[in-house]
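Index from 1, following the sequence.
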Amino acid sequence: MFFINSNDNAKIAVYELNPNSEKTIILVHGWPLSHKMFEYQIPILLNANYRIIMIDLRGFGNSDVTYSGYNYNQFATDLYYVIYSLNLWNFDLLGFSIGGAIVTRYMKIYQGYGVRKLCLLDAAVPSYVKSYYNPYGQSIEDTNNLIKLGFNDRPSLNEYFGGIFFYNEQSKPFKVWFQNLNNSASGLGEINSLIALRDKDVFDDLKYIHVPTGIFHGKEDKI
């Protein structure tokens, strides 16, 4: 692990594996997780000889907890500073959940700088909540209830989230691990990014995607 400073000097935690490979993939985690969510995908990607770059979003994992900046624009800027600082080019970019919205915003703000292929995995794209333009996703009322629960009892919010995250039943030790992973987020990062999920969308950003893009979504996804 090492740190790269973003435009406001926030330290973004970066993790790199297999640095000498010519194939690179960047993984952007979901809410309210960290790079550790990719534990079971890492061996598969290494077997495919990928150079793996992972980050912790600000407010999550080992990255700085800042007063503000928990929005798609700033998250995308943090990602850009990592990509530019490491001189990355011709890479595959994967975003999961809120990470999908972040990489989509990156494609707009930074014109897809360096991206060879894009992967949107259970992404909060084009929006997380239902609207006139998007009949899918969560209702604003349900999301408000989650935000309220987060302000008053964040571990219970994370337990609820963990309970609907997996389609197959998981072992008790795995559930404890996953709960601890969710709880590792900062309160500021977790709640403010959930507010961003409620209030923001990336409809306009979609027209800036001009690379081959894989869209993967679970049929039983309750989130």
Do any side-chain atoms of residues 98-105 form donor-acceptor pairs under 3.5 angstrom with protein atoms, and if so which ones, sequence neighbours left out?
residue : atom : partner : partner atom : Å
Thr104  : OG1  : Gly100  : O            : 2.7
Arg105  : NE   : Asp205  : OD2          : 2.4
Arg105  : NH1  : Asn73   : OD1          : 2.6
Arg105  : NH2  : Asp201  : O            : 3.0

Before you tell me yes or no, could you show the steps for Ile147 and Ile191 under side-chain contact (heavy atoms from CB on, under 4.5 Å), namely the whole-Å CA-CA distance, both residues' side-chain angles and the distance that decides it to 0.1 Å?
CA-CA 6 Å; Ile147 293 169; Ile191 302 306; 4.2 Å; yes

Side chain to side chain donor-acceptor pair (under 3.5 Å) between Ser139 and Asp142, worked out:
CA-CA 5 Å; Ser139 70; Asp142 287 344; 3.2 Å; yes

Taking the side chain as every heavy atom from C-beta outward, state whether Leu17 and Leu46 have any atom pair closer than 4.5 Å.
yes

Value for OH (Tyr208) from CG (Leu206), rounded to nearest 0.5 Å, stands at 11.0 Å

Distance col, row Leu88:CG vs Thr24:OG1, nearest 0.5 angstrom, shows 6.0 Å

Mind checking the CZ-CG spacing from Arg154 to Leu194? Nearest 0.5 Å is all I need.
11.5 Å

Taken in chain and number order and not counting sequence neighbours, the residues that satisfy ring-ring contact (aromatic ring centres under 6.0 Å, His included) with Tyr50 are none

Could you walk me through whether Arg58 and Asp8 satisfy the salt bridge (charged side-chain N to carboxylate O under 4.0 Å, His left out) test, starting with their C-alpha distance in whole Å, then the side-chain angles of each, then the deciding distance to 0.1 Å, before giving a yes or no?
CA-CA 11 Å; Arg58 64 171 61 211; Asp8 61 351; 2.9 Å; yes

Are side-chain heavy atoms of Gln138 and Leu146 found at a separation under 4.5 Å?
no

Fit a plane to each ring of Phe178 and Phe165, take the angle between them on a 0 to 90° scale, and name the class: parallel (under 30°), tilted (30 to 60°) or perpendicular (over 60°).
tilted

For the residue pair Val129 and Ser131, establish whether any side-chain heavy-atom pair is separated by less than 4.5 Å.
no

NZ/Lys108: more than 12 non-hydrogen atoms of other groups inside 6.0 Å:
yes

Keeping to residues at least two apart or across chains, list the ring pair (Phe, Tyr, Trp, His ring centres under 6.0 Å) pairs with something in residues 109-130.
Tyr80-Tyr110, Tyr80-Tyr113, Trp89-Tyr113, Tyr106-Tyr110

Lys207: which residues meet the side chain to side chain donor-acceptor pair (under 3.5 Å) condition with it, sequence neighbours left out?
Asp204

By side-chain contact (heavy atoms from CB on, under 4.5 Å), which residues pair with Lys148, not counting sequence neighbours?
Asn152

For Phe2, check side-chain contact (heavy atoms from CB on, under 4.5 Å) against everything at least two apart and list the hits.
Ile4, Val14, Glu16, Leu86

Quick one: does any side-chain atom of Ser171 pair with a main-chain N or O of Phe174 as donor and acceptor, under 3.5 Å?
yes

Would a 4.5 Å heavy-atom cut-off, applied to side chains only, mark Trp177 and Glu39 as touching?
yes

Just checking, is any N or O donor in the side chain of Asp122 or Ser97 under 3.5 Å from an acceptor N or O on the other one?
no

Could you check Asn144 against Arg198 for side chain to side chain donor-acceptor pair (under 3.5 Å), going step by step and ending with a plain yes or no?
CA-CA 8 Å; Asn144 285 336; Arg198 180 193 65 188; 2.8 Å; yes

In this structure, OG1 of Thr213 is separated from CG of Leu120 (nearest 0.5 Å) by 6.0 Å

Under the salt bridge (Lys or Arg N to Asp or Glu O under 4.0 Å) test, which residues partner Glu169, sequence neighbours left out?
Lys175

Between Ser184 (side chain only) and Leu181 (backbone N and O only), is there a donor and an acceptor less than 3.5 Å apart?
yes

Here the gap from Arg51 atom CZ to Leu45 atom CG, rounded to the nearest 0.5 Å, amounts to 14.0 Å

Does Asn71 reach the side chain of Asn192, with side-chain heavy atoms less than 4.5 Å apart?
no

I need the minimum non-hydrogen distance between Asn5 and Lys11, along with the two atoms involved.
OD1-CG, 3.3 Å

Check whether any side-chain N or O of Ser63 sits under 3.5 Å from a backbone N or O of Gly59 as a donor-acceptor pair, and report yes or no.
no

Closest approach of Gly61 and Ser34, non-hydrogen atoms and distance?
CA-CB, 3.9 Å

For Gly150, is there any backbone N or O sitting under 3.5 Å from a side-chain donor or acceptor partner on Glu190?
no

For the student: nearest non-hydrogen atoms of Tyr72 and Val202, plus distance:
CD1-CG1, 4.0 Å

Under the rule for side chain to side chain donor-acceptor pair (under 3.5 Å), what residues qualify as partners of His217, not counting sequence neighbours?
Asp221

Passes side-chain contact (heavy atoms from CB on, under 4.5 Å), Phe91 versus Ile25? Steps please.
CA-CA 6 Å; Phe91 53 83; Ile25 187 168; over 6 Å; no

Side-chain heavy-atom pair Cys119, Leu93 within 4.5 angstrom cut-off:
no

Contact check, side chains of Ile42 and Met54, non-hydrogen atoms, under 4.5 Å
yes

For Asn7, the side-chain contact (heavy atoms from CB on, under 4.5 Å) test, sequence neighbours excluded, returns Gln74, Thr77, Asp78, Tyr81

Heavy-atom pair of closest approach, residues Ile12 and Asp56
CG2-O, 3.6 Å

Gln179 side chain to Pro155 backbone, donor-acceptor under 3.5 Å:
yes

Set of residues satisfying side-chain contact (heavy atoms from CB on, under 4.5 Å) with respect to Tyr167, sequence neighbours excluded:
Glu220

Working to the nearest 0.5 Å, report the span between CG of Leu79 and CD1 of Ile83.
4.0 Å

Taking salt bridge (Lys or Arg N to Asp or Glu O under 4.0 Å) as the test, write out the residues that go with Asp92, two or more places apart.
Arg116

Considering only residues two or more places apart or on different chains, which pairs with a residue in residues 7-38 satisfy ring pair (Phe, Tyr, Trp, His ring centres under 6.0 Å)?
Tyr15-His35, His29-Phe60, Trp31-Phe161

